[in-house]
Chemist: 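This is the structure I have questions about; it appears just below.
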Amino acid sequence: MDIKEILDPKKLLITAGILLIIISCAGMTQSEQWAEWGWDDEPIGEHDAAYEQMWALHIFPIGIFAIGTGLFVTGKPLAQMSMLSSASVLVIIGGGMGYLTGFHGYDGTPPLHIMVFPILTILTTLLIGISGYLSYKELTESEEGA
């Protein structure tokens, strides 16, 4: 199996979309537990669980857009969207949310089995960017040769 078959932007976008929808549904149904994990030793209020639920709901459309992009976009635009979406999500999660959550004391650690889906999603998102770059490079090289 060739690396380009494994790093197929379509399949990776659909996979990431499914993972995001699973995380979103889990967050909406387990919002109180997630708030307890996030704030660790601090007491939580009803509003904390509500915020968790709202954040989880915001992830749901991103999953739908990822699946839609994987299903309906092809060629160079797919490669470009793969690179752009991967970079923007990694900046938000790694840079923005990673910094701000720790800065504001929201840095508890959930159990490892809960972190499986988020870790897989972040890894898949990184692979989406790489696959988009490889596809874009291949498409532009084939245009130059034509």
Side-chain angles (χ1 to χ4, degrees), residues 1-140:
M1 184 175 273
D2 185 53
I3 190 73
K4 291 178 187 172
E5 290 176 35
I6 297 169
L7 295 180
D8 179 6
K10 282 185 165 306
K11 292 175 186 170
L12 288 171
L13 279 162
I14 292 168
T15 301
I18 291 167
L19 289 170
L20 286 168
I21 289 171
I22 290 169
I23 291 168
S24 176
C25 290
M28 286 188 284
T29 59
Q30 302 295 319
S31 59
E32 189 170 313
Q33 183 66 52
W34 284 26
E36 289 174 5
W37 290 326
W39 292 110
D40 210 16
D41 295 330
E42 296 182 33
I44 64 160
E46 278 187 34
H47 64 282
D48 294 315
Y51 292 147
E52 290 293 334
Q53 210 167 37
M54 288 182 261
W55 270 112
L57 179 61
H58 283 85
I59 295 171
F60 197 86
I62 297 170
I64 292 171
F65 280 119
I67 293 169
T69 302
L71 291 174
F72 304 122
V73 181
T74 59
K76 199 184 261 187
L78 176 64
Q80 292 167 325
M81 288 301 296
S82 296
M83 290 185 290
L84 180 63
S85 63
S86 177
S88 61
V89 168
L90 291 174
V91 166
I92 290 170
I93 292 172
M97 294 299 286
Y99 170 75
L100 289 174
T101 55
F103 181 78
H104 292 287
Y106 185 88
D107 54 4
T109 306
L112 185 59
H113 71 280
I114 298 298
M115 292 305 295
V116 169
F117 281 109
I119 290 169
L120 282 175
T121 304
I122 291 169
L123 177 62
T124 304
T125 302
L126 181 62
L127 291 175
I128 289 169
I130 294 168
S131 71
Y133 173 76
L134 293 175
S135 295
Y136 186 78
K137 187 176 173 184
E138 181 179 329
L139 288 166
T140 54

Chemist: For Gln53 and Met28, work out which heavy atoms get closest and say how close.
Modeler: NE2-O, 2.9 Å

Chemist: What are the two closest non-hydrogen atoms of Thr121 and Leu20, and how far apart are they?
Modeler: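 Looking at all heavy atoms of both residues, the shortest contact is CG2-CD2, 3.7 Å.
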
Chemist: Which heavy atom in Ile23 sits nearest to a heavy atom in Trp34, and how many Å separate them?
Modeler: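 Distance-wise, the nearest heavy atoms are O-CH2, 3.6 Å.
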
Chemist: May I ask you to test the Phe60-Cys25 pair for a side-chain heavy-atom distance under 4.5 Å?
Modeler: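 When only atoms from C-beta onward are counted, Cys25 and Phe60 do touch, with a gap below 4.5 Å.
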
Chemist: Roughly how far apart are Leu126 CG and Leu12 CG, rounded to 0.5 Å?
Modeler: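 Rounded to the nearest 0.5 Å, the CG-CG separation comes out at 10.5 Å.
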
Chemist: In the structure I gave you, are the side-chain heavy atoms of Trp37 and Pro111 within less than 4.5 Å of one another anywhere?
Modeler: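 Result yes, sub-4.5 Å side-chain heavy-atom pair found.
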
Chemist: When rounded to the nearest 0.5 angstrom, what distance separates CD1 in Ile67 from OG1 in Thr15?
Modeler: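 Here the interatomic distance stands at 9.0 Å.
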
Chemist: Using every non-hydrogen atom in the two residues, find where Leu7 and Leu134 come nearest and quote the distance to one decimal.
Modeler: CD1-CD1, 3.9 Å

Chemist: In terms of relative ring orientation, are Trp55 and His58 parallel, tilted or perpendicular, with 30° and 60° separating the classes?
Modeler: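 Tilted: the ring planes of Trp55 and His58 meet at 30° to 60°.
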
Chemist: For the residue pair Ile122 and Leu90, establish whether any side-chain heavy-atom pair is separated by less than 4.5 Å.
Modeler: yes

Chemist: Nearest 0.5 Å, what's the CE-CZ distance between Met81 and Phe72?
Modeler: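 Met81 atom CE to Phe72 atom CZ measures 14.0 Å (nearest 0.5 Å).
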
Chemist: According to side-chain hydrogen bond (donor to acceptor under 3.5 Å, both in side chains), who are the partners of Lys137, at least two apart in sequence or on a separate chain?
Modeler: none

Chemist: Atom CG in Asp48, atom OG in Ser31: separation rounded to 0.5 Å?
Modeler: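 OG of Ser31 is found 10.0 Å from CG of Asp48.
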
Chemist: So, taking the atom named CE in Met115 and the one named CG in Leu120, what distance separates them when rounded to the nearest 0.5 Å?
Modeler: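 So the CE of Met115 and the CG of Leu120 are separated by 10.5 Å.
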
Chemist: Determine yes or no for a side-chain-to-main-chain donor-acceptor pair under 3.5 angstrom, with Ser86 supplying the side chain and Met83 the backbone.
Modeler: no

Chemist: With a cut-off of 6.0 Å (strictly less than), are more than 12 heavy atoms of other residues, nucleotides or ligands near OH of Tyr106?
Modeler: yes

Chemist: Take Ile128 and Val89, measure what side-chain contact (heavy atoms from CB on, under 4.5 Å) needs, and give me the verdict at the end.
Modeler: CA-CA 11 Å; Ile128 289 169; Val89 168; over 6 Å; no

Chemist: Spell out, as yes or no, whether a donor-acceptor pair under 3.5 Å connects the side chain of Ser24 to the backbone of Ala56.
Modeler: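 Judged by distance alone, yes, a pair lies under 3.5 Å.
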
Chemist: Would you say the side chain of Val73 lies within less than 4.5 Å of the side chain of Gln80, judging by non-hydrogen atoms?
Modeler: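 Gln80 does not reach Val73 side chain to side chain.
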
Chemist: Would you compute the distance between atom CD of Gln30 and atom CD of Glu52 and round it to the nearest 0.5 angstrom?
Modeler: 11.5 Å

Chemist: Is it the case that over 12 heavy atoms from other parts of the model lie below 6.0 angstrom from the CG atom of Leu112?
Modeler: no

Chemist: With a 4.5 Å limit on heavy-atom distance, are the side chains of Lys10 and Thr74 in contact?
Modeler: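 In contact.
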
Chemist: Under a 4.5 Å cut-off applied to non-hydrogen side-chain atoms, are Leu78 and Leu13 in contact?
Modeler: yes

Chemist: Give a yes or no answer on whether the side chain of Ser135 reaches the backbone of Gly132 with a donor-acceptor pair at less than 3.5 Å.
Modeler: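 Checked: no pair found.
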
